[in-house]
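Before any comments, here is the structure.
Proteins get letters first, then strands, A, B, ... in listed order; numbering begins at 1 in each.
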Amino acid sequence: MLAYFMDAEITVSAKLVQIMYVLSGLFSIYCGVRAWMKKDNKYYLPTGLFWTLLGVVVAFGQWLPPIVSGIIVAVICIPAGLKMVRRGSLEAASKEEQVRNFKKIGMKIFIPALGAAVFTILISIFLPGWSSLIGSLFATIFGVILLVMWNKENKPMVFLEEGRRFLDMSSAVFIMPLLLSCLGAVFTRAGVGDAVSTLFGSIIPAGNLYIGIIAYAVGMVLFTAIMGNAFAAITVMTVGVGVPFVISLGANPLYMVTLAMTSGYCGTLLTPMAANFNIVPGVYLEIKDKYGIIKMQVIPSLIMLTFQIIYMCIAAGFSF
Amino acid sequence: MLSLLGVLVVIVGFALKLEPIAIIFVSAAVTAVCGQIPLTELLETVGSTFVANRTQLITLILMILTGTLERNGLKEAGAELIRKLKGLSTGMLMAVWGVAHELFIIFKIPIGSIPAYVRPILMPMTVGIVESNGRAVAPEHEETMKALYGMHYNVGNFFGQCCFAANASVLLIQSTLANIGYEVDVMQIVRVQIPVAAMAMVMAAVYTLVVDTRMSKKCYGAVMKTQK
């Protein structure tokens, strides 16, 4: 690990990204250890295990052998899958306290709140080639310094416990998108893509361009909805449906593949599998119906899909 | 065809509303057995993919800041800001934010994530509009606002991102086309996407206005605006 940070071949940007992972991981470990110490929910042992091991793989993943990371991921799935990762008893600061602090600090509280955006823009303008992700690291450090300067009550424990409250609130669903990426990799390795294209080949009549376009776009929607990820769907659907049923009939490939990709996004809008877009934001907003966002997205998704299918049918004849 | 069993696990699991992480776990195991992937290779695939993609957990570090910002009055500041805006209805505020959000996405400026901005700033501002009319926000209206913010965020994000040339999705479209024998420039892909991004922006804003107006009339008998 020390060798990594001493290595002159590795860019400062890459090192800072790793530092950010180490700090994020240590924070998760802290949350796990606190859950064990506070014992404030019935499942404090599995809850603590989940956050601690997650922290280990986030912080040190770069240096762990893949098989060790894989074992850790498999182990943390057990408490999460058994619904044994629960919230502690942390509550938000009272309205009175928030008002009192606002009177003390005032509108300049927006400065640290906008930090992540501002730092990311500054990095993309002044440090080309750097990962814009580091903006989050700088924003956190800068924000913490300002908050400590403005309000003496902001002790280190306040930051850690308030952060733990937010992590508790986001629960184990927090890692679901990442687990889906892993599932996608397993699917690819097992040849699920080939099987799907064979399946589609047996149900779509060949030779009609418009039926082909609808099958390609709707297939993207369905496959994306199942996987929760349009990226995984596009390669499979293009080889399995796009080429044999649409592009081989002379349709413009640039328009077909590009629009099939964003048609897939209509599927993302419809599925709980895309938890990071459809479920997790609802948790942050404390929405009561966890499928509330998906329900709100049904009509917009269908409008966008119809628009794109018509666009594909028109653009099919454009010369390439 | 046996490898499709893993996909079937996912479909059935979600249809039955089982615990998502348990479904993924079982699906991966079933796929590995059917696809004859040895256990060590399965674990290595999962481990390396998890580590390579852990950028998705980037909000971990920001959480240290977010909670303390709330404690120090960020919500109150958001409410204060809305008192300065004149004649803006709840639906208009959401629609204006949605359009701005998609523009930020197109220019790759990450302003407006749900945990960092919508929850601490925009939700209190929107609720503040109703309260500035001397009314308590109706629970049904508040839930609609949350769902509309979630919808607007996703629509702007998905259909805006393909207008940024270096976006992962654009690069994936380019490599998919190259795989089937067509070389294109990323800017050609962006040009194809512009009508889609424009349509998404207009559609989401109009949809928000329609839904919010109907909900406001149902809950309060009128559209809630800030005082002139």
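- When heavy atoms are compared at a cutoff of 4.5 Å, V186(A) approaches chain B by way of both its backbone and its side chain.
- If you check the side chains of Q188(B) and Y255(A), you find no donor sitting under 3.5 Å from an acceptor.
- The contact between V184(B) and chain A is made entirely by side chain atoms (from C-beta outward), counting heavy-atom distances below 4.5 Å.
- Residue contact with chain B, scored on non-hydrogen atoms closer than 4.5 Å, involves the side chain of L147(A) exclusively.
- Ring pair Y311(A)/F307(A) is tilted by interplanar angle, where 30° to 60° counts as tilted.
- For M20(A), the parts lying under 4.5 angstrom from a heavy atom of chain B are both the backbone and the side chain.
- If you measure heavy-atom distances from P195(B) to chain A, the contacts under 4.5 Å come from both the backbone and the side chain.
- Ring pair F158(B)/F277(A): centre-to-centre distance below 6.0 Å.
- Within residues 201-209 of chain B, the residues approaching chain A closer than 4.5 Å by heavy atoms are, in numerical order, M203(B), Y207(B).
- Ionic pairing of R165(A) and E70(B) is present here: one or more N-O contacts between side-chain nitrogen and carboxylate oxygen are shorter than 4.0 angstrom.
- Ranked by heavy-atom pairs shorter than 4.5 Å toward chain B, the options D289(A), I78(A), V58(A), V144(A) are led by V58(A).
- A salt bridge is defined here as a Lys NZ or Arg NE, NH1 or NH2 lying under 4.0 Å from an Asp or Glu carboxylate O, and K104(A) with E153(A) meets this definition.
- The two residues P253(A) and L177(B) come nearest to each other via the heavy atoms O-CD2, 3.5 Å.
- Of the atoms belonging to M169(A), it is side-chain heavy atoms, and not backbone ones, that fall under 4.5 Å from chain B.
- By number of non-hydrogen pairs under 4.5 angstrom with chain B, the leading residue of I293(A), T258(A), I67(A) is T258(A).
- Of the two parts of V26(B), neither the backbone nor the side chain holds a non-hydrogen atom closer than 4.5 Å to a non-hydrogen atom of chain A.
- Taking K108(A), K103(A), K83(A) one by one and counting their heavy-atom pairs under 4.5 Å with chain B, the maximum is reached by K83(A).
- With respect to the salt-bridge test (charged N to carboxylate O, under 4.0 angstrom), the residues K146(B) and E286(A) do not qualify.
- Residue V51(B) touches chain A through its side chain alone, counting heavy-atom pairs closer than 4.5 Å.
- If you measure heavy-atom distances from S48(B) to chain A, the contacts under 4.5 Å come from both the backbone and the side chain.
- Looking at heavy atoms from C-beta onward, V211(B) lies out of side-chain contact with M151(B) at the 4.5 angstrom threshold.
- For I64(B), the parts lying under 4.5 angstrom from a heavy atom of chain A are both the backbone and the side chain.
- Contact of I294(A) with chain B is not made at all, since no heavy-atom distance falls under 4.5 Å.
- The part of Y291(A) that comes within reach of chain B is its side chain, from C-beta onward, which places non-hydrogen atoms under 4.5 angstrom from that chain.
- When the shell of 6.0 Å around CD1 of I180(B) is examined, it contains more than 12 heavy atoms from other residues, nucleotides or ligands.
- If you measure heavy-atom distances from L148(B) to chain A, the contacts under 4.5 Å come from both the backbone and the side chain.
- A donor-acceptor contact under 3.5 angstrom links the side chains of Q161(B) and Y265(A), judged on distance only.
- With hydrogens and angles disregarded, a donor-acceptor distance shorter than 3.5 Å links the side chain of Q98(A) to the backbone of A93(A).
- Side chain of N72(B) to main chain of N101(A): no donor-acceptor pair is present (N/O by atom type, distance under 3.5 Å, no hydrogens or angles).
- The contact between F159(A) and chain B is made by backbone and side chain atoms together, counting heavy-atom distances below 4.5 Å.
- With a 4.5 Å cut-off on non-hydrogen atoms, F320(A) touches chain B through its side chain but not through its backbone.
- Only the side chain of I247(A) has a heavy atom closer than 4.5 Å to any heavy atom of chain B.
- Within the 4.5 angstrom heavy-atom criterion, atoms from both the backbone and the side chain of A172(A) approach chain B.
- Note on P272(A), S69(A), C182(A): by heavy-atom pairs under 4.5 Å with chain B, the leading option is C182(A).
- Comparing T271(A), V280(A), L23(A), V57(A) by how many heavy-atom pairs each has under 4.5 Å with chain B, the most go to V57(A).
- Heavy-atom minimum distance, L5(B) versus C34(B): CD1-SG, 3.6 Å.
- In this structure, the portion of E41(B) lying under 4.5 Å from any heavy atom of chain A is its side chain and not its backbone.
- Ring pair H101(B)/W97(B) is parallel by interplanar angle, where below 30° counts as parallel and above 60° as perpendicular.
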>> I'd like to know whether Q308(A) forms a side chain to side chain donor-acceptor pair (under 3.5 Å) with T262(A), so could you lay out the CA-CA distance, the side-chain angles of the two residues, the decisive distance to 0.1 Å, and finally the verdict.
In response: CA-CA 8 Å; Q308(A) 290 182 99; T262(A) 37; 2.7 Å; yes
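- Ranked by non-hydrogen atom pairs under 4.5 Å with chain B, the options I226(A), I105(A), V17(A) are led by I226(A).
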